[in-house]
Amino acid sequence: MGKSNIYIETYGCQMNLADTELVLGILKKHGYDVTKQADEADVILLNTCSIRDNAEQRIYGRLGNFKTLKNIKPGLIVGVLGCMAERLRKDLIEDLPTGSQSGQAGKKIVDLVVGPDEYRRLPEFLDTAFNGEKGIGVKLSRTETYDDIIPFREDGLQAWLSVMRGCDKFCTFCVVPFTRGRERSRSLSSVVEEVKQLSERGFREVTLLGQNVNSYVDGQNDFADLLAACAQVSRKTRIRFTTSHPQDLSDKLLYTIAAHPNICNYIHLPVQSGSNRILELMNRTYTVEHYLSLIDKAKRIISGVSFSTDIISGFPTETDEDHAMTLDLMKRVRYDGAYMFKYSPREGTKAYKMKDDVVDEVKTKRLQEIIELQHQISYEINQSLIGKEEVILVEGFSRKSDQFLSGRTDTNKVVIIPAEGKIKEGNYVKVKINRATSGTLFGDFQEFYDPEEQLALTA
Ligand code: SAH
Ligand code: SF4
Ligand code: F3S
């Protein structure tokens with residue numbers, strides 16, 4: 001029987017998902033148990049995101065919900081972790097977050113606030129909280145990588161693995177350099193060792209994570225070296241990575257992806273805008289021309305490569321013309337997918353000092369146009385795959401029915417096939433696509449695919 005039951009909810013990016021596993025690793029080692037039921041918990045933790053205002057409003061709403069629970073169970077500890085903890089610090093405990101009703105409901109119930117670089121001290125902060133005192137740990141570190149901590153992961157096929165922390169890019173709209181601090185990398189050997197362990201445990205896909213993985217460095221080794229080393233662990237384990245910043249995507253990295261069949265041919269390459277003027281105001285440090293030449297080069301070097309991106313609508317001073325350039329760029333690249341957002345001013349960033357002068361209706365209208373165009377492009381790309389063969393990693397039953405299995409191609413597309421007894425979770429299978437929507441492919445089983453046999457054939 002453990003000390004107390006911990007319940008944790010995770011918001012934001014994959015790095016937060018990976019951090020939650022770190023936190024659980026730390027807490028389990030200190031004798032805590034984990035529960036999936038908030039009402040069974042002695043400690044409720046929210047691992048939060050600050051990237052846009054609506055992400056923070058959601059957390060205030062959630063804290064409001066937990067207030068009710070705390071009324072019934074006065075000893076309940078509620079903690080805020082992650083980027084919002086780092087950004088708002090003691091405001092989460094003491095002051096009323098400005099202009100937020102739900103914030104008022106939330107604030108009094110928070111017992112501890114712990115930022116992304118202080119998770120080692122969580123057990124200590126929890127002890128303090130159990131003694132009835134509030135605890136705050138929000139120091140950012142230049143060295144903390146949690147290299148030695150074993151994250152708590154449930155068995156599965158897919159794992160997240162942070163290879164670096166922080167971001168030094170300082171895009172003018174972005175809060176991450178402030179909430180996550182400076183860039184620092186884990187050692188290559190510890191990452192490879194973790195991939196080995198995951199692979200031996202039956203994981204078939206590992207996604208290497210960093211806000212800008214191209215900045216990864218360990219002595220002489222860069223990110224391409226790390227990718228290659230991870231790919232060599234087992235041909236059965238696919239390696240993905242995110243995110244690449246267009247400024248530092250090297251030729252070496254592209255050749256490394258091309259050279260290893262189990263490094264997925266899929267690059268998430270956020271562009272943010274199709275206007276050079278806006279890119280400069282955003283401090284993205286590349287031009288549309290440079291970005292397009294990168295895409296062309298990647299297409300030449302990696303056969304069958306696909307791309308996804310992030311786009312922001314309504315950055316300060318964005319005109320209809322700038323917006324049209326973004327749509328134009330999308331038509332030229334033809335992304336397989338995109339994450340699309342309305343600009344949200346973040347206090348403390350450079351862009352915060354610029355006037356948020358694109359009115360909300362215009363931001364919304366532009367975002368709508370961006371979403372519709374992407375939808376159309378994804379639909380067309382997926383239609384063009386009908387009749388083609390793809391290899392998928394089977395992940396389990398489809399969400400809608402256990403008559404069907406769901407898997408993903410190496411370009412990260414979901415494929416649904418009829419379930420057959422012989423096909424198991426974790427199998428690689430060849431399928432033929434027979435139908436497609438903008439978000440999903442449907443196909444039929446052709447034959448099993450053995451990545452190791454393929455190695456013998458190509459060697
Ligand atoms: N490190 C990654 C992404 C981090 S945040 C990169 O460099 O691309 C994920 C996405 O959120 C960003 O790519 C951007 O499109 C979006 N985003 C970040 N700050 C934002 C803001 N203030 N308003 C709207 N979208 C934002
Ligand atoms: Fe934010 Fe830019 Fe860093 Fe990405 S690269 S996390 S958008 S500052
Ligand atoms: Fe959000 Fe922090 Fe990730 S702000 S997007 S959780 S790095």
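These numbers come from the heavy atoms of this one structure, side chains and all, not from hydrogens, waters or symmetry mates. Counting starts at 1 for both ligands and their atoms, in listed order.
- Residue Lys73 qualifies as enclosed at atom NZ: its count of foreign heavy atoms under 6.0 Å is above 12.
- Taking a cut-off of under 4.0 Å to the non-hydrogen atoms of Lys169, the atoms of ligand 2 that pass are 3 (Fe), 5 (S).
- The protein non-hydrogen atom at the shortest distance from atom 21 (C) of ligand 1 is Ser344 O, 3.6 Å.
- For atom 7 (O) of ligand 1, the nearest non-hydrogen atom from the set Lys169, Gln272, Arg284, Met282 comes from Arg284.
- Under 4.0 Å from ligand 2, the heavy atoms of Val176 that appear belong solely to its side chain.
- With ligand atoms numbered from 1 in the order given, ligand 1 contributes 22 (N) to contacts under 4.0 Å with heavy atoms of Arg346.
- Looking at Val195 and Ile239, their side chains come closer than 4.5 Å, going by heavy atoms from C-beta outward.
- Using a 4.0 Å cut-off to heavy atoms of Cys171, the atoms of ligand 2 that qualify are 2 (Fe), 5 (S), 7 (S), 8 (S).
- The tally of protein N/O/S atoms under 2.8 Å from atom 1 (Fe) of ligand 3 stands at 1.
- Looking only at heavy atoms of the protein, atom 1 (Fe) of ligand 2 is closest to Cys174 SG, 2.3 Å.
- Within the 4.5 Å cutoff, side-chain heavy atoms of Leu198 are placed close to those of Leu161.
- Of the protein's non-hydrogen atoms, Arg52 NH1, 3.4 Å is the one closest to atom 26 (C) of ligand 1.
- Residue-ligand proximity, Tyr343 to ligand 1, at heavy-atom distances under 4.0 Å covers atoms 23 (N), 24 (C).
- For the pair Ile93/Val113, a side-chain contact is recorded, criterion being any heavy-atom separation below 4.5 Å from C-beta on.
- Shown in contact with Cys167 at under 4.0 Å from a heavy atom are these atoms of ligand 2, numbered in order with element: 3 (Fe), 5 (S), 6 (S), 8 (S).
- A salt bridge links Glu194 with Arg153: the distance from a Lys NZ or Arg NE/NH1/NH2 to an Asp or Glu carboxylate oxygen falls below 4.0 Å.
- Residue pairs satisfying the side chain to side chain donor-acceptor pair (under 3.5 Å) criterion with at least one member in residues 254-267, sequence neighbours excluded, are listed as follows: Tyr266-Ser308.
- Side-chain contact between Glu144 and Tyr119 is absent, with no heavy atoms from C-beta onward closer than 4.5 Å.
- Near Arg284, the atoms of ligand 2 lying under 4.0 angstrom from a non-hydrogen atom of the residue are 2 (Fe), 7 (S).
- Heavy atoms from both the backbone and the side chain of Phe173 come within less than 4.0 Å of ligand 1.
- Among protein heavy atoms, atom 7 (S) of ligand 3 sits closest to Gln211 NE2, 3.1 Å.
- Remark: Phe130 pairs with no residue by the ring pair (Phe, Tyr, Trp, His ring centres under 6.0 Å) rule, at least two apart or across chains.
- The shortest heavy-atom distance from Ile312 to ligand 1 is under 4.0 Å.
- Salt bridge annotation for Asp147-Arg184: absent, with no cationic side-chain nitrogen under 4.0 angstrom from a carboxylate oxygen.
- Looking at atom 9 (C) of ligand 1, its nearest protein heavy atom turns out to be Asp310 OD2, 3.6 Å.
- Counting protein heavy atoms only, atom 8 (O) of ligand 1 is closest to Pro270 CG, 3.0 Å.
- At a threshold of 4.5 Å between non-hydrogen side-chain atoms, the residues Ile267 and Ile302 count as touching.
- No more than 12 heavy atoms of other residues, nucleotides or ligands lie within 6.0 Å of CD in Glu321, so this atom counts as exposed by the packing criterion.
- Residues Pro177 and Arg182 are in side-chain contact: their nearest non-hydrogen atoms beyond the backbone lie under 4.5 Å apart.
- Heavy-atom separations between Ile51 and ligand 1 include at least one value shorter than 4.0 Å.
- For ligand 2 and Phe170, the ligand atoms under 4.0 Å from any heavy atom of the residue are 8 (S).
- Taking 4.5 Å as the limit, every side-chain heavy atom of Asn412 sits out of range of all side-chain heavy atoms of Ser306.
- Under the rule for a side chain to side chain contact (heavy atoms under 4.5 Å, CB included), the partners of Tyr7 that lie at least two apart in sequence or sit in another chain are Glu9, Thr35, Ala38, Ala41, Ile44, Arg62, Phe66.
- Proximity to Pro177 (heavy-atom distance under 4.0 Å) selects the following atoms of ligand 2: 8 (S).
- Relative to the six-membered ring of Phe341, Arg52 meets both conditions, a distance below 6.0 Å and an angle of at most 45° to the axis.
- Of all protein heavy atoms, the one closest to atom 4 (C) of ligand 1 is Gln211 OE1, 3.3 Å.
- The closest protein non-hydrogen atom to atom 24 (C) of ligand 1 is Lys342 O, 3.3 Å.
- Counting only distance, with no hydrogens or angles, the side chain of Asp33 and the backbone of Asn5 share no donor-acceptor pair below 3.5 Å.
- Gln374 contributes a side-chain N or O that, together with a main-chain N or O of Tyr335, makes up a donor-acceptor pair within less than 3.5 Å.
- Those atoms of ligand 1 that come under 4.0 Å of a heavy atom in Phe341, given as number and element, are 10 (C), 11 (O), 15 (O), 16 (C), 25 (N).
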